[in-house]
Amino acid sequence: DHGCFAHEVALDISSLPCFPQGEALKSPPVSELTRKCLARLAGRCPGAKDPSLEQLQEEVKKVFSMQVEYWPASLLHQPNVDITLQDVQAQLAEFERYHQALDGKPQR
């Protein structure tokens with residue numbers, strides 16, 4: 001998962017005004033927890049071989065595209081923040097941690 005951490009550092013740096021936003025940051029690497037959650041959502045057997053990185057990124061993008069249905073444009077009469085692919089990955093990882101805790105295998 002070091003690639004994921006490096007990606008987060010690059011995102012933090014790229015948010016500084018002196019750095020232009022780069023296209024390479026738009027498709028983040030997929031963390032281990034996110035992979036497990038995507039497998040769970042897709043009904044893949046635990047321990048099965050992961051799809052390609054490109055397929056996993058497409059699955060993250062598919063979940064991201066569902067925000068129109070599930071993420072309100074406003075909350076308590078205030079405009080809501082836009083979520084990013086990185087936000088979706090973090091949410092998927094947290095969802096996986098939740099399921100692991102339900103299975104009696106908490107990570108924290």
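All values derive from a computational prediction rather than experimental measurement.
- At least one side-chain heavy atom of Glu96 sits less than 4.5 Å from a side-chain heavy atom of Gln100.
- Taking 4.5 Å as the limit, some side-chain heavy atom of Pro51 sits within range of a side-chain heavy atom of Arg44.
- The shortest side-chain heavy-atom distance between Val88 and Gln91 falls under the 4.5 Å cut-off.
- Here the side chain of Asp87 pairs a donor or acceptor atom with the backbone of Thr84 at under 3.5 angstrom.
- Here CD of Glu32 is found 9.5 Å from OG1 of Thr34. Values are rounded to the nearest 0.5 Å.
- For Gln67, the side-chain contact (heavy atoms from CB on, under 4.5 Å) partners are Phe64, Trp71, Ile83, not counting sequence neighbours.
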Checklist entry - Please walk me through it: do Gln57 and Leu53 pass side chain to side chain contact (heavy atoms under 4.5 Å, CB included)? => result CA-CA 6 Å; Gln57 288 174 333; Leu53 177 60; 4.0 Å; yes
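- Scanning for side chain to side chain donor-acceptor pair (under 3.5 Å) contacts around Gln55 gives Glu59, with sequence neighbours left out.
- Across Arg35 and Leu56, no two heavy atoms sit closer than the pair CG-CD1, 3.8 Å.
- How far CG of Leu92 is from CZ of Arg97: 11.5 Å, rounded to the nearest 0.5 Å.
- The ring-ring contact (aromatic ring centres under 6.0 Å, His included) analysis of residues 73-98, with sequence neighbours excluded, yields the pairs Phe95-His99.
- Shown here are the side chain to side chain donor-acceptor pair (under 3.5 Å) partners of Asp50, two or more places apart in sequence or in another chain: there are none.
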